[in-house]
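Here is how names work: the chains are called A, B, and so on, in the same order as the sequence lines, proteins then strands, and each is numbered from 1.
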Number of protein chains: 2
Amino acid sequence: MTRERSIPEAALPRLALYLRVLGELTENGAERVSSDELASATGVNSAKLRKDLSYIGSNGTRGVGYEIAPLMHALEGTLGLTQNRSVALVGIGNLGHALVGYSGFAERGFRISALFDVDPDLVGIPIGGIVVEHTRRIPEVCPERGVTIGVVATPGQAAQGACDLLVDAGVRCILNFAPVVLQVPSEVDVRKVDLAVELQILSFHASQHGPGTLPRVVNR
Amino acid sequence: MTRERSIPEAALPRLALYLRVLGELTENGAERVSSDELASATGVNSAKLRKDLSYIGSNGTRGVGYEIAPLMHALEGTLGLTQNRSVALVGIGNLGHALVGYSGFAERGFRISALFDVDPDLVGIPIGGIVVEHTRRIPEVCPERGVTIGVVATPGQAAQGACDLLVDAGVRCILNFAPVVLQVPSEVDVRKVDLAVELQILSFHASQHGPGTLPRVVNR
DNA sequence: TGGTGTGAAGGCGTTCACAGCT
DNA sequence: AGCTGTGAACGCCTTCACACCA
């Protein structure tokens, strides 16, 4: 049994990517892939891909390729997706609504099982089949519903408070959409998605590209 | 004149972060910061922070710290934020709506100046003051409005088509929310935000943390 | 033969520690 | 005295190239 040793952080998003693309290949009827095929479908260098898969105690066949189904199971196991994870969402504004409606979560085994907001017009209303609770009830509701992941989609000034409540409720993993640096105890994992930062990075590249970056109709 | 040499890709998100936090400090009346102060406010190691700032031809004063205003200008210049960038958004579903309503863009100099969708019920309707155009009009409308950044928020199967139209329209920078690997010519920059991938990475960490990851009410 | 798995080399980014300026 | 700016060391990740096996 190949015993895998600590997977590099940098490999994790790629593992998730492989899993998704393998799912698409399966829908198209494929049962095997080579590292070259999967590499070009994912835009990853094939050597890197093989190394990534070797981290999870790889199951390819030399001279042949990878059997898709067992590979997907290995990936799901590694990513902890076998235990269906239940997610709490705090902040039901524009973005929160969008997240509730986002089918990608359910498709990949994440169930939004609690919604929170402070707006009295929202509390008590069901959205996507789940009744919005008041934010102050986080410490009570989250343990009841087995929440392991919290998503913060509040305005900036409310984010730290929401985060603190989630941590109190025993949530160890937080996805933060608010443009704020959350302070958490070291055992809590925070991932940040900052849309404006993404645009600023693109803006940097835009100003590098051609110094004359006036858009124009290009060769087609 | 300290001439900066190519900024590491890894530093860019941090530069954007420094800029935001410096803005907050300014609102609180501060005029100077030390690297230690800014480091703890951003959660970045102070040596790394100083090195990051040195990439942009740093403007600190030894023994004192950084003058906030000129530092912010330097950051804005580096990130290409002096030229107000105009953004096109393709796909006005849940997420698209949320993005239109997201104030963080405007606050940081990004103006959404074109909206596109294929839904006939949406085309012609103004959202946030901008009339939705049919997606097929991208190559015509984007150059007219000086769009330099395209945001793809369509369903997966429509994403590549939307992307192709944007590239045809001369857009060189694309932010992709669709769970799809976009194929683009090498001169085009794509950044990806995949919400499900973020959750999967958290899920991995959750399954590492304590093997017994049942949520419970913790010490407070 | 053909494609995986992997040591070894190389490159990039972070961290250290201190020289140098104010 | 204090804090910035930065060479140098370190470590992680990627890339290479080939041994190994079906």
Whole-Å distance separating the CG atom of Asn59(A) from the P atom of dT6(C): 12 Å

With Leu175(A) as partner, the option from Val193(A), Leu89(A), Leu99(A) fulfilling side chain to side chain contact (heavy atoms under 4.5 Å, CB included) is Val193(A)

Is the backbone of Gln183(A) close enough, under 3.5 Å, to the side chain of Gln160(A) for a donor and an acceptor to pair up by distance? yes

Test: Glu9(B) and Arg191(B) ion pair at under 4.0 Å: yes

Please tell me whether Arg85(B) and Ser203(A) have a donor and an acceptor in their side chains that are separated by less than 3.5 angstrom. yes

Indicate whether any N or O donor in one side chain lies under 3.5 Å from an N or O acceptor in the other, for Tyr18(A) and Asp52(A). yes

So which protein nitrogen or oxygen atoms get under 3.5 Å of nucleotides 18-21 of chain D's nitrogens or oxygens?
unit_1  : atom_1 : unit_2   : atom_2 : d
dC20(D) : O2     : Arg62(A) : NH1    : 2.9

Can you name the salt bridge (charged side-chain N to carboxylate O under 4.0 Å, His left out) partners of Asp189(A), sequence neighbours left out? none

Verify whether one side chain among Tyr66(A) and Asn59(A) offers a donor that lies under 3.5 Å from an acceptor in the other. no

Would you say Tyr55(A) places a side-chain N or O within less than 4.0 Å of OP1 or OP2 belonging to dT14(D)? no

Specify the separation, in whole Å, of atom CD1 of Ile68(A) and atom P of dT4(C). 12 Å

Between Ala47(A) and Thr61(A), which is nearer to the 5' end of DNA chain D once each is assigned its nearest nucleotide? Ala47(A)

What is the separation between atom NZ on Lys48(A) and atom C1' on dC12(C), rounded to the nearest whole Å? 12 Å

By nearest atom, which of the nucleotides dG13(C), dA17(D), dC13(D) is closest to the Pro8(B) side chain? dG13(C)

More than 12 heavy atoms of other groups within 6.0 Å of Arg14(A) CZ: yes

Could you tell me how far apart Asp52(B) (CG) and dG13(C) (P) are, to the nearest whole angstrom? 11 Å

Donor + acceptor pair across side chains of Arg111(A), Ser86(A) (<3.5 Å): no

Can you check the Leu53(A) CG to dG3(C) C1' distance for me, whole Å? 13 Å

Whole-Å gap separating P (dT4(C)) and CG (Leu71(A)): 11 Å

Residues of residues 26-46 of chain A with a heavy atom under 4.0 Å from any atom of DNA chain C, listed by number, are Ser34(A), Ser35(A)

In whole angstroms, the gap separating P of dG5(C) from CD1 of Ile56(A) amounts to 10 Å

OP1 or OP2 of dT6(D) under 4.0 Å from side-chain N/O of Lys51(B): no

For Arg14(B) and dG13(C), give me the distance from atom CZ to atom C1', rounded to whole Å. 8 Å

